[in-house]
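Have a look at the structure below before the remarks.
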Amino acid sequence: MSLAYTDPKQHLADLFRQALARVAPDSGLAVELERPKQAAHGDWACNLAMQLARGLKRNPREVAAELIAALPASDWVEKTEIAGPGFINVFITPRLWQRLPAHILAQGAEYGRIELGRGKRVQVEFVSANPTGPLHVGHGRGAAYGASLASVLTHAGYHVQREYYVNDAGRQMDILALSTWLRYLELTGECVPFPPNAYQGGYVRVLADSIYALHGERYKRTAAQVLTGVPAIPSAEEYAQQPDAKGRAEASLDALIAAAKRLLGQDYDYIHGYALEEQLGDCRNDLTEFGVSFDHWFSERTLHDAGLIERALEQLRHKGQLYEQDGAVWFRSSAHGDEKDRVVRRENGQYTYFAADIAYHLNKLERGFDRVIDVWGADHHGYIPRVKGALAAAGHDPDRLEVALVQFAVLYRDGQKVSMSTRAGEYVTLRELRQEVGNDACRFFYVLRKSDQHLDFDLDLAKSQSADNPVYYIQYAHARVSSVLAGWGGMEKDLADADATLLTHPSELALLRRLAEFPESIGAAARDYAPHLVAYYLKDLAADLHGLYTTCRILEEDEALRLARLQLVAATRRVLRSGLGLLGVSAPDKM
RNA sequence: CUGCCCGUAGCUCAAUCGGAUAGAGCACCAGCCUUCUAAGCUGGGGGUUACAGGUUCGAUCCCUGUCGGGCAGGCCA
C-alpha cells in the first residue's frame with residue numbers, strides 16, 4: 001500500500017513554471033529553486049519575483065504576491081511566504097517527507113540516480129601515468145578524483161567510459177628499458193656507469209633480477225661495446241651541481257639508448273616490452289587494490305602503428321593548419337587561442353608528444369563521445385589551449401573536450417612537509433600511502449577538497465582512529481545503524497509498511513529532509529565535476545543521523561514508532577552506503 | 001616579463017551556474033554514558049571573505065587594479 005513519493009523540487013519547479021506562464025508568459029526566465037541556509041526560510045526558496053521585477057520595473061514583493069496567487073494548488077505545499085527583498089519561501093508538508101524512507105528502501109541502490117546526463121556518452125580519462133615506475137601520491141589524487149567523478153557521472157545518468165592512456169611509445173619508456181638493461185648488465189658483472197638521469201628506483205633492479213633469472217646472460221654485452229661512441233656520463237655529483245651537466249647527461253643517455261637498440265636488436269624490444277608489461281601490471285594491481293578500475297587502456301603505440309598520427313596531421317594540413325619552418329612541421333595553434341605555434345614533427349623526422357596527443361584526442365571524438373573529460377595535473381594547464389586548438393582546427397567543437405585540473409597533494413607528517421624528489425626515486429608511492437593510512441581514508445581524503453585546491457594530506461590525521469577523522473565519522477554512522485538493525489533482528493522488507501507519519505520529532509524531520517537532498521547533491525557534483533560535494537553531503541547526513549541517535553531511541557517500546565524509526569535509519573544506511581560507494585569508500589557494519 | 005589557478009575563523013577547508021544572519025571539523029572552554037556502538041551528542045567564544053574601486057535589489061562568487069602564494073611558458077614527456 002506504500003504511497004508514492006514525489007520529488008518535491010521537481011514538483012515545485014513545475015508549479016512555479018505554471019505560475020510564471022500566467023504572470024509573465026514571455027519572460028524567458030528559468031525557474032530556480034534553492035535550499036535556504038536557514039530552516040526558518042522554508043524548504044525551498046524561489047527568486048523568480050526578483051528576476052522578473054527587474055524587467056517589469058516593479059516592486060519584487062508585489063510580483064511575488066502575484067506569483068503565489070498564480071501557483072496551482074498542491075497537496076504537498078504546506079505554506080508559502082514572501083520574505084526579504086522578494087524571495088518566495090515554500091514549506092513542504094511533513095507528510096511528503098514521511099513517505100521518503102519507504103521510497104528509498106524500495107529504490108535501493110537506485111535512489112539518488114538522476115537523469116541529468118540523459119544517457120549522453122562521456123569519457124573520463126585519468127591517471128594515465130607513464131608506466132615507468134610506481135604510482136606516487138600525486139597520481140593517487142588523480143586516481144581518486146577521476147574514479148569518483150566517473151561514478152558520480154554514472155549516477156547522474158551519463159554513460160561513462162573510464163580510460164587510461166598508456167604512454168608506451170616515447171623516450172621515457174626507452175629510458176626505462178635502458179635502465180633495466182644497465183642494471184641487468186651489473187648482474188652479469190659488466191661495469192657501465194649508471195646515468196644520473198636514468199630511473200634510480202629499486203624497482204628497476206627488480207625488473208633486471210627477474211630478466212636475469214629468466215634468461216641468464218642472454219642479453220649480456222661488454223661494457224666496452226656499450227660505451228663505444230657514448231659521451232662521458234656525468235656523475236651524480238656533477239649532475240646535481242654543474243650547470244651544463246644536465247645537457248651532457250641527456251646526450252649520453254640518448255647515445256646509450258641508441259647503443260642498446262643497436263647491440264640488442266630484437267632483444268631490445270623484448271626488454272622494452274617486458275619492463276612495460278611489468279610496470280603496467282603493477283600499476284593496474286595498485287589501482288585495483290585502490291578500488292579504481294578502467295574500462296579501456298589505450299596504447300599510444302597503436303596510434304603510431306595504425307598511422308593515426310599521419311592521418312591526423314594530414315587532416316590539419318588539408319585545412320591549411322600546418323606549415324614547415326627550419327626543417328620542422330608546425331601547427332598554427334596561435335590561430336586557435338594558443339600563445340604560439342607548436343612543432344608536431346621535429347627536424348629529425350620524429351613526431352612530438354603533442355602530435356600523438358592530437359591524434360589521440362581526434363580519435364576520442366571520433367569514437368562518438370558527446371563529451372570527453374581529461375583529468376590532468378595542474379602543471380599541464382598550459383597544454384590545454386593547444387589541444388583544444390587542434391580540435392577546433394580539425395573542425396570539431398573544442399568544448400566537447402573538458403579538462404579537469406587537479407592540484408598537487410602535499411604530504412604532511414608530524415606537521416612537516418614530506419619531501420619528494422622524483423628524479424632521485426625518493427617519493428612516497430601510492431602503495432605505501434595506502435598501506436600506511438588504509439584505502440578508505442586515502443580515497444576520502446583525496447576527494448575531500450575541491451580539485452583545484454591544493455591538498456594538504458595530513459598523514460597523522462588520516463591514520464588517526466578518532467573523532468578527528470571524518471571518514472570514521474561517516475562510517476561510524478553506518479555501523480551504528482547496522483548495529484541497531486542487527487539488534488532488532490528483522491528484515492528490511494518488513495519495514496515497507498511502517499507508519500512513517502509518526503516521524504515528527506525535529507531530528508527525525510531534519511534527517512528526512514537531508515535524505516531528500518541526496519539526488520540534488522549528486523546533480524551538483526556531476527554538474528561541477530566536484531565529487532567533494534558528495535563527501536560533504538555525507539558528513540552532513542552522518543551528523544543528522546548521530547543527532548537522531550542521541551535524541552531518539554530507535555528500538556522504542558511502542559512497536560509502531562519503533563518500526564517507523566527503523567525504516568528511517570534503514571533508509572539512511574542505504575544512502576550512506578550509496579554515497580560512500582560513489583567515493584570508493586567501504587561501509588562497514590561493525591567498527 | 002607573460003599566462004592560468006589560488007587567497008575565507010588560530011589551523012585545515014565548505015558555501016547549491018550572484019541570494020537572506022558566510023558554515024563545518026580541529027584546537028580552546030563548559031556539560032552529557034547502569035538502557036540501541038561516547039569513533040557520538042549539546043552549548044560557548046572566534047570573521048572588514050588579502051586590499052582598493054566598479055557592476056546591481058543583492059557580491060566570497062562577476063569586472064579592473066594592487067599585494068601575496070602555487071604552477072606553466074622546449075624541435076621534453
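Chain A is the first sequence line, chain B the second, and so forth, proteins listed ahead of strands; every chain is numbered from 1.
As judged by a 4.0 angstrom heavy-atom cut-off over every strand, A/A378 is placed among residues touching the sugar-phosphate backbone only. Contacts of A/N130 with the nucleic acid, taken as non-hydrogen atoms under 4.0 Å apart, involve only primed sugar atoms and P, OP1 or OP2. If you check every strand for non-hydrogen atoms under 4.0 Å, A/Q51 touches a base. Within 4.0 Å of A/E339, counting heavy atoms only, lie sugar-phosphate atoms of the nucleic acid but no base atom. If you check every strand for non-hydrogen atoms under 4.0 Å, A/A45 touches a base. Here A/Q407 lies in heavy-atom contact (under 4.0 Å) with sugar-phosphate atoms only. Residue A/R527 is classed as a sugar-phosphate contact, given heavy-atom separations below 4.0 Å to backbone atoms only. Within the 4.0 angstrom heavy-atom criterion, base atoms lie near A/P85. Among the heavy atoms of the strands lying under 4.0 Å from A/Y536 are primed sugar atoms or P, OP1, OP2 only; no base atom is included. Looking at heavy-atom distances under 4.0 Å, A/Q453 makes contact with sugar-phosphate atoms alone, never a base. Within 4.0 Å (heavy atoms only), A/D338 reaches no atom of the nucleic acid at all. At a threshold of 4.0 angstrom between heavy atoms, the contacts of A/F354 with the nucleic acid are absent. When heavy atoms are screened at a 4.0 angstrom cut-off, A/L533 is found touching the sugar-phosphate backbone but no base atom. Within the nucleic acid shown, A/A477 has no heavy atom closer than 4.0 Å to any nucleic acid atom.
Comparing B/rA15, B/rU37, B/rC5 against the side chain of A/A479 picks out B/rU37 as the nearest. Comparing B/rC13, B/rU37, B/rA20 by their closest approach to the side chain of A/F87 singles out B/rA20. Of the candidates B/rG19, B/rC6, B/rU12, the closest approach to any side-chain atom of A/N47 belongs to B/rG19. For A/W330, taking side-chain heavy atoms from C-beta onward, the closest of the listed nucleotides B/rA39, B/rC36, B/rC75 is B/rC75. Residue A/R171 has its side chain nearest to B/rA77 when only B/rA77, B/rG40, B/rC13 are considered. Here the nucleotide nearest the side chain of A/R553, chosen from B/rA14, B/rU35, B/rC75, is B/rU35. Side-chain proximity of A/K340 to the nucleotides B/rU37, B/rC75, B/rU16 is greatest for B/rC75. Considering only the side chain of A/Y549, B/rA38 comes nearest among B/rC71, B/rA38, B/rU16. Distance from the side chain of A/H41 is smallest to B/rA20 among B/rC75, B/rA20, B/rA38. The side chain of A/K37 approaches B/rA15 more closely than any other nucleotide in the set B/rC75, B/rA15, B/rU37.
Side-chain atoms of A/H381 come within donor-acceptor range of the base of B/rC71, with a qualifying N/O pair under 3.5 Å. A donor-acceptor contact under 3.5 angstrom links the side-chain atoms of A/N89 to the base of B/rA20.
If you check B/rG40 for Watson-Crick or wobble pairing at under 3.5 angstrom, you find it paired to B/rC32. Pair check for B/rC62 finds B/rG54; Watson-Crick or G-U wobble, both atom distances under 3.5 Å. B/rU48 is unpaired under the criterion used here, namely a Watson-Crick or G-U wobble arrangement in which both key atom distances are under 3.5 Å. Figure legend. B/rG3 is base-paired to B/rC71; pairs are counted as Watson-Crick or G-U wobble with both atom distances under 3.5 Å. Pairing of B/rC26, defined by two Watson-Crick or G-U wobble distances under 3.5 Å, is identified with B/rG10.
Remark on RNA chain B: of its neighbouring residues A/L448 and A/D341, the 5'-side contact belongs to A/L448, judged by nearest-heavy-atom nucleotide. Summary of the strand contacts: A/C552 and A/H532 both lie near RNA chain B, and taking for each the nucleotide with the nearest heavy atom, the more 5' one is attributed to A/H532.
Atom pair A/K590:NZ and B/rC36:C1' shows a separation of 15 Å (rounding to whole Å applied). Going from atom NZ of A/K450 over to atom P of B/rC6 covers 7 Å, rounded to whole Å. Atom pair A/L52:CG and B/rC57:P shows a separation of 14 Å (rounding to whole Å applied).
The closest side-chain donor-acceptor pair between A/D168 and A/H272, if any, does not fall under 3.5 angstrom. A side-chain N or O of A/R573 and one of A/S482 form a donor-acceptor pair less than 3.5 Å apart. Using modelled atom types and a 3.5 Å distance limit, the side chains of A/Y199 and A/Q172 yield a donor-acceptor pair.
Note on A/Y529: every side-chain N or O is 4.0 Å or more away from OP1 and OP2 of B/rC17. Between A/S483 and B/rU37 there is a side-chain polar atom (N or O) within less than 4.0 angstrom of OP1 or OP2. The phosphate of B/rA38 has OP1 or OP2 within less than 4.0 Å of a side-chain N or O from A/R480. The phosphate of B/rA77 has OP1 or OP2 within less than 4.0 Å of a side-chain N or O from A/R346.
Partner of A/T572 under the side chain to side chain contact (heavy atoms under 4.5 Å, CB included) criterion, out of A/L545, A/D544, A/L548: A/L545 alone.
For the pair A/R35 and A/W44, the cation sits on the ring face: its NZ or CZ lies under 6.0 Å from the ring centre, inside 45° of the axis. Both tests pass for A/K79 against the ring of A/F91: distance under 6.0 Å to the centre and angle within 45° of the axis. Cation-pi geometry between A/R480 and A/Y549 is met: the NZ or CZ atom falls under 6.0 Å from the ring centre, inside 45° of the normal.
Between A/Y353 and A/Y383, the ring-plane angle classifies as tilted under the 30° and 60° cut-offs.
Stacking of the aromatic ring of A/H380 onto the base of B/rA72 is not found under the criterion of centres within 5.5 Å and planes under 30°.
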